[in-house]
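Following: one structure in structure tokens, then a few remarks.
In what follows, chains are A, B, ... by sequence order, proteins preceding strands, each numbered from 1. Since the structure is predicted, the reported quantities are computational estimates derived from the model, not experimental observations. Heavy-atom basis, side chains included; hydrogens, waters and symmetry copies ignored.
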Number of protein chains: 2
Amino acid sequence: MEPRTTEDDDLVDALVRVSFVVMATLNTIGAENDLSLTQLRVLGILRERRPRMAELAKHLGLKKSTMTGLVDRAEQRGLLARATSADDDRATEVFLTSEGAKLVARGRARLAEELAPLSRRLSPSDQRKLQTLLEQMFEPEE
Amino acid sequence: MEPRTTEDDDLVDALVRVSFVVMATLNTIGAENDLSLTQLRVLGILRERRPRMAELAKHLGLKKSTMTGLVDRAEQRGLLARATSADDDRATEVFLTSEGAKLVARGRARLAEELAPLSRRLSPSDQRKLQTLLEQMFEPEE
DNA sequence: TATTGTTATACTCTATAACTATA
DNA sequence: TATAGTTATAGAGTATAACAATA
């Protein structure tokens with residue numbers, strides 16, 4: 001049980017502060033479209049996938065019953081749709097509608113727009129360096 | 001309206017992924033103590049401050065009426081307390097109890113513990129570099 | 001009158017438990 | 001019998017509007 005160094009703490013603090021800024025920005029963009037952060041995440045996942053309800057819940061760390069409500073509300077707004085799986089009549093697949101896809105694209109553009117003033121504080125080479133370090137830390141390739 | 005570069009997108013994506021990992025970790029640590037992320041934030045703020053209800057709400061981007069409930073529940077659990085301001089009888093100051101302070105200290109230690117495996121993927125000098133870049137981007141000193 | 005905080009109300013997010021339909 | 005998803009219910013987080021107390 002080695003004691004943590006001050007440097008560790010400071011890196012953790014920096015990561016936490018960054019995360020709150022990013023989350024607050026996502027929250028604002030969601031609010032512009034009357035969407036919660038969770039709804040935004042749901043739509044973001046569907047950008048590249050067509051998961052079943054249970055997969056979606058697992059990916060978000062939520063319960064199946066919670067997904068039902070989330071998907072219900074997004075479906076009522078025409079942002080996504082349900083379809084019974086061809087493989088298994090018990091399973092329901094979820095996918096974006098074209099309106100949902102448009103919203104996701106706009107949201108991503110808005111996010112980049114909101115964060116641009118921050119990333120501009122770094123030189124292009126520092127931006128690349130930051131990206132590399134983050135990927136190395138959070139998405140190791142080994 | 002200049003088009004965004006791919007590099008911008010990738011940095012944004014990296015920041016978003018990092019943020020979700022950090023938030024998920026905070027969420028888990030909160031859950032270990034039956035605290036929501038918001039409650040955790042409230043306690044975190046009180047670590048260094050003794051704000052009024054309105055200041056607390058502003059800092060968290062919430063409404064005064066929302067703070068009432070959050071503070072009510074944390075107060076019932078003995079994690080924080082209210083006191084009427086000496087300056088203004090209308091105002092209520094909020095501060096950590098010793099139990100609340102203990103919980104915050106434990107939470108911070110747990111967070112560093114959870115994130116340590118990730119930061120260890122970087123060399124000490126890269127860890128410092130990452131911290132510097134994040135601070136430069138999110139907390140400019142000019 | 002203006003400000004600080006609370007109360008009343010309503011909706012979303014979340015979980016647990018019980019249920020339906022299909023495998 | 002087991003699995004996928006929904007429904008019923010309850011508690012927490014959030015906002016808006018109306019209110020009480022103090023400035």
| request: Scan residues 18-45 of chain B against DNA chain D and write down, sorted by residue number, each residue with any heavy atom closer than 4.0 Å; if none is found, say none. | output: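 Within this stretch, B/S36, B/T38, B/Q39 sit under 4.0 Å of the strand.
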Give the rounded distance in Å between these two atoms: [atom1] of [X] and [atom2] of [N].
| X | N | atom1 | atom2 | value |
| --- | --- | --- | --- | --- |
| A/K58 | D/dT3 | NZ | P | 13 Å |
| A/K63 | C/dA15 | NZ | C1' | 8 Å |
| A/E75 | D/dG5 | CD | P | 13 Å |
| A/L62 | D/dG5 | CG | P | 14 Å |

| message | Distance check, rounded to the nearest 0.5 Å: A/E48 atom CD versus A/L46 atom CG? | response |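 Taking CD in A/E48 and CG in A/L46, the distance rounds to 10.5 Å.
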| Does NZ or CZ of B/R17 lie under 6.0 Å from the centre of the six-membered ring of A/F138, at an angle within 45° of the ring axis? |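 No - B/R17 does not lie over the ring of A/F138 by the 6.0 Å and 45° rule.
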Under a 4.0 Å threshold between the charged nitrogen and the carboxylate oxygen, would [Y] count as salt-bridged to [X]?
| X | Y | result |
| --- | --- | --- |
| B/D10 | A/R128 | no |
| B/R77 | B/D34 | no |
| B/E75 | B/R82 | yes |

Please produce a list of atom pairs where a protein N or O lies less than 3.5 Å from an N or O of nucleotides 3-7 of chain C.
unit_1, atom_1, unit_2, atom_2, d
C/dT3, O4', B/R90, NH1, 3.3
C/dT3, O2, B/R90, NH1, 2.9
C/dG5, OP1, B/M53, N, 3.4
C/dG5, OP1, B/T92, N, 2.8
C/dG5, OP1, B/T92, O, 3.2
C/dG5, OP2, B/A54, N, 2.9
C/dG5, N7, B/K64, NZ, 2.5
C/dT6, OP1, B/R82, NE, 3.0
C/dT6, OP1, B/R82, NH2, 3.1
C/dT6, OP2, B/T68, OG1, 2.9

| message | For A/Q131 and A/E135, which I'm curious about, is there any donor-acceptor pair between the side chains at under 3.5 Å? | response |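 Distance-only check passes for A/Q131 and A/E135.
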| request: List the steps, then state whether salt bridge (charged side-chain N to carboxylate O under 4.0 Å, His left out) holds for A/R110 with A/E113. | output: CA-CA 5 Å; A/R110 284 282 296 118; A/E113 195 178 303; 3.2 Å; yes
| Audit row: A/D126, A/R121, salt bridge (charged side-chain N to carboxylate O under 4.0 Å, His left out) steps and yes/no | CA-CA 9 Å; A/D126 273 353; A/R121 287 175 182 156; over 6 Å; no
